[in-house]
Amino acid sequence: MKRLMTYCIGPETVVLCLAVATYWICARHNSGQGRDVDLLEKLVMALPFVIVPIVFATVFVPGARNGWWLGRAVGVTMVGMLVLAGRLISGFGMGAKGQDVAFMMVMIFGTIGVSLATAITGAMVLAEVRPGFAEWFRARWLLGSLLTFLAAVPIAATLGIIATVGVVIYAGVSAGIKR
């Protein structure tokens, strides 16, 4: 039962629900001018701050605290965030309206958010899998919290490089196909 629940209320389901809502909003506000662009700009800036906490909150689903869940959460969040940002930014319309800066800001804030969430939930997963780590963390909660926070730095560097390389490869291939 736990395994079924982790897949029914997992990171993929959350991102899918957010994608449906995002595509619905973009379909209703697709003029590329005025209030529609203002709304889409606000949504694209709020995207990392909405999607990351909601997806990583699924760690509290029974049976979700394992490495498989953590990998799924990180992958689905990064890919979903970039896809949804692309969809929201496409609603800005043609011309210079800050599309490139909006996408870069989503990548930067998203990478920072995902790295912090990965460090925190990674410590939760490690405490679930290794009881010795959980006891050490309880005994040294201040040091453990500081080390968890510092662990987000190499995670952010790695995720940033992977996301940037992935976007560059995708953009290069799609530009080559369109010509």
Decide side chain to side chain contact (heavy atoms under 4.5 Å, CB included) for Thr148 and Phe137; before the verdict, give the C-alpha distance in whole Å, the side-chain angles of both, and the deciding distance to 0.1 Å. CA-CA 10 Å; Thr148 300; Phe137 203 91; 3.6 Å; yes
What verdict does the side chain to side chain donor-acceptor pair (under 3.5 Å) test give for Trp69 and Thr58, after you've listed the backbone C-alpha separation in whole Å, the side-chain angles of each residue and the deciding distance to 0.1 Å? CA-CA 9 Å; Trp69 172 87; Thr58 60; 3.1 Å; yes
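In this structure, Val61 and Ile9 approach most closely via the heavy-atom pair CG2-O, 3.5 Å. Residues Val15 and Gly80 approach most closely at CG1-CA, 4.0 Å, considering heavy atoms. The shortest non-hydrogen separation linking Ala73 to Phe56 is CB-CE2, 3.9 Å. Annotation for Thr111 and Gly160: closest pair CG2-N, 3.6 Å, computed over non-hydrogen atoms. Residue Leu40 comes nearest to Cys26 through the heavy atom pair CD2-SG, 4.1 Å, listed as atom of the first residue, atom of the second, then distance. The minimum heavy-atom distance between Arg72 and Pro11, with the atom names listed, is NH2-CD, 3.3 Å.
Relative ring orientation between Trp136 and Phe133 is described as parallel, the plane-to-plane angle staying below 30° on a 0-90° scale split at 30° and 60°. The aromatic rings of Phe109 and Phe49 sit tilted relative to each other, their planes meeting at an angle between 30° and 60°.
Between the side chain of Thr164 and the backbone N or O of Ile161, no donor-acceptor pair lies under 3.5 Å. Using a distance-only test at 3.5 Å, with no hydrogens or angles considered, no donor-acceptor pair links the side chain of Thr77 to the main chain of Val74.
If you take CG on Asp100 and CE on Met104, they are separated by 5.0 Å, rounding to the nearest 0.5 Å. In this structure, the separation between CG on Leu88 and CD on Glu41 is 11.0 Å, given to the nearest 0.5 Å. For the atom pair CD1 (Ile169) and OG (Ser174), the distance works out to 12.0 Å, reported to the nearest 0.5 Å. Rounding to the nearest 0.5 Å gives a distance of 11.0 Å between CZ of Arg28 and CG of Leu39. Summarising the geometry, atom CG belonging to Leu150 is positioned 11.0 Å from atom CD1 belonging to Ile155; distances are rounded to the nearest 0.5 Å. Note that CG of Leu84 and CD1 of Ile25 are 10.5 Å apart. Values are rounded to the nearest 0.5 Å.
Hydrophobic clustering keeps Leu142 apart from Leu147 (ILVMFWY residues linked when any side-chain heavy atoms are closer than 4.5 Å, directly or through intermediates). In terms of hydrophobic clustering, with Ile, Leu, Val, Met, Phe, Trp and Tyr side chains grouped at heavy-atom distances under 4.5 Å, Phe149 and Val114 are assigned to different clusters. Connection of Val101 to Leu47 is established within a shared hydrophobic cluster, with ILVMFWY side chains joined at heavy-atom distances below 4.5 Å, either directly or through further cluster members. Trp24 and Ile51 fall within the same hydrophobic cluster, defined by Ile, Leu, Val, Met, Phe, Trp and Tyr side-chain heavy atoms under 4.5 Å apart, directly or through other members. Cluster annotation: Tyr23 is connected to Ile54 through the hydrophobic network of ILVMFWY side chains, with a link wherever side-chain heavy atoms come within less than 4.5 Å.
The side-chain heavy atoms of Asn66 and Glu128, taken from C-beta on, include no pair separated by under 4.5 Å. Under the 4.5 Å side-chain criterion, counting only non-hydrogen atoms from C-beta, Phe103 is in contact with Leu82.
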